Amino acid sequence: MKSFKQRQKEHDENVKKVVKRLKQRDPKKDGLVCTARKPWIAVGMRNVDYKRARHFEVDLSAFRNILEIDKDRMIARVEPLVNMGQITRVTVPMNLSLAVVAELDDLTVGGLINGYGIEGSSHIYGLFSDTVVAYEIVLADGCVVRATKDNEYSDLFYAIPWSQGTLGFLVTAEIKLIPIKEYMRLTYTPVVGNLGDLAQGYMDSFTPRDCDQDNPAKVPDFVEGMVYSPTEGVFMTGRYASKEEAKKGNKINRVGWWFKPWFYQHEQTALKKGEFVEYIPTREYYHRHTRCLYWEGKLILPFGDQWWFRFLLGWLMPPKVSLLKATQGEAVRNYYHEMHVIQDMLVPLHKVGDALEWVHREMEVNFM
């Protein structure tokens, strides 16, 4: 395994290659600048077609290393193609974590910053980009700058999130770390009623009805809700717990094992057995939806959730989305473009009920 010092040396050399490549560009002949990353590599199920046009491509494929874990500053310094699985594999054994961790292993730092990442702890820490303290950016003219919220490039610091890579090439991000514990204590709460009742159950998961949201004891570390139909949902709240607490006669569920039921289906069991509590190892909780890609796994492999498949071949899951996209035919590609929706929405909490009503009315989508 390479040391952080070796990785930093490689990083500096790779940045020089990017700068050299940009210096070779003739704006009059070479068109717009973009990465050389193929559209099918992205985690989303849709192929992005803009790169079919003539562009000046820059290869960033080497930027996939964790450069430093600074326990004193509580900062992880990483390259943009580092994914969530890599980071948690290194930090969780140290009882450290990113403040906002995306649930799927293959989601990358660069994608979560240049797109947007909203996850189960965002009610405390904000979007993924809100936990970044500095960016190293290569601009179109080859200049390398470090942008923070209070230096001369502060405008760039605030503009990079959601910019989809249009302002420069991200080559390093410095991201906040937080202390964590070994387990997650999860409470599964079923709600049955109309969409308004489901929305209220979701809002109640975030903060007590006495509105004492500034009291850490009353606000969970993680919140997640699954809506299974217009009348049924399960809302899950999680709090970090020590190994000692988890092993005091409590139920421990190792959801990361290949033969375990897919997580969204496991969560759904609360509708039959009522509210229950269990403890999950923290890293397995972070990546609880990786094996089944939320419920997308059921669409990709309809029998993948069956006990016999999970026991015999569950270790093969999940299929790589990039492989599926690289091998899909035109008919499947058109289906995903025209008939399939995967959409994150940022909605004020008091508008959740209206959002559920709109999605149900306009899209007839149940799983949310």
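Numbering starts at 1 and runs along the sequence shown. Values in this document were obtained by computation on a predicted structure and should not be read as measured data.
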Legend entry - CA sep, side-chain torsions, deciding dist, call: Q24, L22, side-chain contact (heavy atoms from CB on, under 4.5 Å): CA-CA 5 Å; Q24 294 170 348; L22 288 169; over 6 Å; no

Inset, instruction - Show your working on side-chain contact (heavy atoms from CB on, under 4.5 Å) between M236 and V223 and close with a plain yes or no. - result: CA-CA 6 Å; M236 182 178 67; V223 174; over 6 Å; no

Inset, instruction - Apply side-chain contact (heavy atoms from CB on, under 4.5 Å) to M74 and K176, showing your working. - result: CA-CA 6 Å; M74 291 295 281; K176 293 178 185 176; over 6 Å; no

Legend entry - Residue pair W295, M226: steps toward the side-chain contact (heavy atoms from CB on, under 4.5 Å) verdict: CA-CA 11 Å; W295 45 83; M226 288 282 184; 3.2 Å; yes

Legend entry - Residue pair E10, N14: steps toward the side chain to side chain donor-acceptor pair (under 3.5 Å) verdict: CA-CA 6 Å; E10 288 182 5; N14 289 328; 5.4 Å; no

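R25 has its side chain within reach of P27: a pair of non-hydrogen atoms, C-beta onward, lies under 4.5 Å apart. In this structure the side chain of Y202 never reaches within 4.5 angstrom of the side chain of V191, judged on heavy atoms. Taking the side chain as every heavy atom from C-beta outward, L186 and V277 never approach each other to under 4.5 Å. The shortest side-chain heavy-atom distance between T237 and T189 does not fall under the 4.5 Å cut-off. Looking at heavy atoms from C-beta onward, F206 lies out of side-chain contact with V219 at the 4.5 angstrom threshold. The shortest distance between side-chain heavy atoms of N250 and I252 does not fall below 4.5 Å. When side chains are defined from C-beta on, V101 does not count as touching E119, because their heavy atoms never get closer than 4.5 Å. Proximity of E232 to P190: side-chain heavy atoms (C-beta onward) are nowhere separated by under 4.5 Å.
Between the side chains of D305 and Q265, a donor-acceptor pair is found at a separation under 3.5 Å. E103 and Y294 share a side-chain donor-acceptor pair at under 3.5 Å. For the 3.5 Å distance criterion, the side chains of R77 and Q8 qualify, holding a donor opposite an acceptor. Side chains of Y135 and E174: no donor on one and acceptor on the other come within 3.5 Å. Under 3.5 Å, the side chains of T108 and N83 contain no donor-acceptor pair of N or O atoms.
Not a single donor-acceptor pair under 3.5 Å links the side chain of R291 to the backbone N or O of R288. When atom types are taken as modelled, the side chain of T88 and the backbone of M84 share a donor-acceptor pair closer than 3.5 angstrom. When atom types are taken as modelled, the side chain of N65 and the backbone of L67 share no donor-acceptor pair closer than 3.5 angstrom. At least one donor-acceptor pair closer than 3.5 Å links the side chain of K23 to the backbone N or O of D141. No donor-acceptor distance shorter than 3.5 angstrom exists from the side chain of E224 to the backbone of G120, with no hydrogens or angles considered. Using a distance-only test at 3.5 Å, with no hydrogens or angles considered, a donor-acceptor pair links the side chain of T91 to the main chain of L96. Q6 places a side-chain N or O within donor-acceptor distance of the main-chain N or O of S3, the cut-off being under 3.5 Å. For S122 (side chain) and I118 (main-chain N/O), no donor-acceptor pair under 3.5 Å exists by modelled atom type. Without hydrogens or angle criteria, N194 side chain to T231 main chain gives no donor-acceptor distance under 3.5 Å. The backbone N or O of E182 sits less than 3.5 Å from a side-chain atom of T282, completing a donor-acceptor pair.
For the atom pair E357 CD and L195 CG, the distance stands at 4.5 Å (nearest 0.5 Å). For the atom pair I180 CD1 and L177 CG, the distance stands at 9.5 Å (nearest 0.5 Å). The CG atom of D221 sits 6.5 Å away from atom CZ of R239, with the distance rounded to the nearest 0.5 Å. Separation of atoms SG (C34) and CD (Q164) is listed at 13.5 Å; rounding is to 0.5 Å. Considering CG of L346 and CG of L127, their distance stands at 6.0 Å, rounded to 0.5 Å.
Under a hydrophobic-cluster definition in which Ile, Leu, Val, Met, Phe, Trp and Tyr are linked whenever side-chain heavy atoms come within less than 4.5 Å, directly or via other members, V92 and Y279 are assigned to different clusters. Transitive grouping of hydrophobic side chains (ILVMFWY, heavy atoms separated by less than 4.5 Å) keeps V133 and I124 in distinct clusters. I75 is not connected to I160 by any chain of hydrophobic side-chain contacts under 4.5 Å among Ile, Leu, Val, Met, Phe, Trp and Tyr, and they are in different clusters. In this structure, F263 is a member of the same hydrophobic cluster as L301, with clusters built from ILVMFWY side-chain heavy atoms closer than 4.5 Å. M184 and M94 fall within the same hydrophobic cluster, defined by Ile, Leu, Val, Met, Phe, Trp and Tyr side-chain heavy atoms under 4.5 Å apart, directly or through other members.
Considering every non-hydrogen atom in both R146 and N151, the closest pair reads O-ND2, 2.6 Å. The two atoms that bring A134 and F157 nearest to each other are N-CE1, 4.0 Å, heavy atoms only. Shown here for F235 and S205, the closest heavy-atom pair between the two residues is CB-OG, 3.4 Å. Between G165 and N114 the shortest heavy-atom distance is N-OD1, 3.4 Å. A pairwise comparison of heavy atoms in A270 and V234 identifies CB-CG1, 4.0 Å as the closest pair. Taking every heavy atom of both residues into account, E79 and R64 meet most closely at OE1-N, 2.9 Å.
Between I137 and the choices T172, L170, V171, the side-chain contact (heavy atoms from CB on, under 4.5 Å) rule is met once, by L170. A side chain to side chain donor-acceptor pair (under 3.5 Å) with Y188 holds for exactly one of E278, E275, E267; it is E278. In summary, of the residues considered (L112, V100, V109), a side-chain contact (heavy atoms from CB on, under 4.5 Å) with I175 occurs for V109 alone.
Figure legend: R21 and F56 shown as a cation-pi pair, the cationic atom lying under 6.0 angstrom from the six-membered ring centre and within 45 degrees of its axis. Cation-pi contact between K181 and Y183: absent, since separation from the ring centre below 6.0 Å together with deviation from the ring axis within 45° is not met.
A salt bridge does not link D12 to K9: none of the charged side-chain nitrogens sits closer than 4.0 Å to a carboxylate oxygen.
Ring planes of Y286 and Y240: perpendicular class, angle over 60° (limits at 30 and 60°). Using cut-offs of 30° and 60° on the angle between ring planes, the pair Y264 and W262 is tilted. Between H266 and F276, the ring-plane angle classifies as perpendicular under the 30° and 60° cut-offs.
In this structure, Y285 has its ring center under 6.0 Å from that of F222. Taking the centre of each ring, H11 and F63 come in below the 6.0 Å mark.
For K20, the NZ atom counts as loosely surrounded, since its 6.0 Å shell holds 12 or fewer non-hydrogen atoms of other residues, nucleotides or ligands. The number of heavy atoms from other shown groups lying within 6.0 Å of CZ (F311) does not exceed 12. Environment of NZ in K298: crowded, with over 12 heavy atoms of neighbouring residues, nucleotides or ligands closer than 6.0 Å. In the displayed structure, W308 atom CH2 is contacted under 6.0 Å by more than 12 heavy atoms of other residues, nucleotides or ligands.
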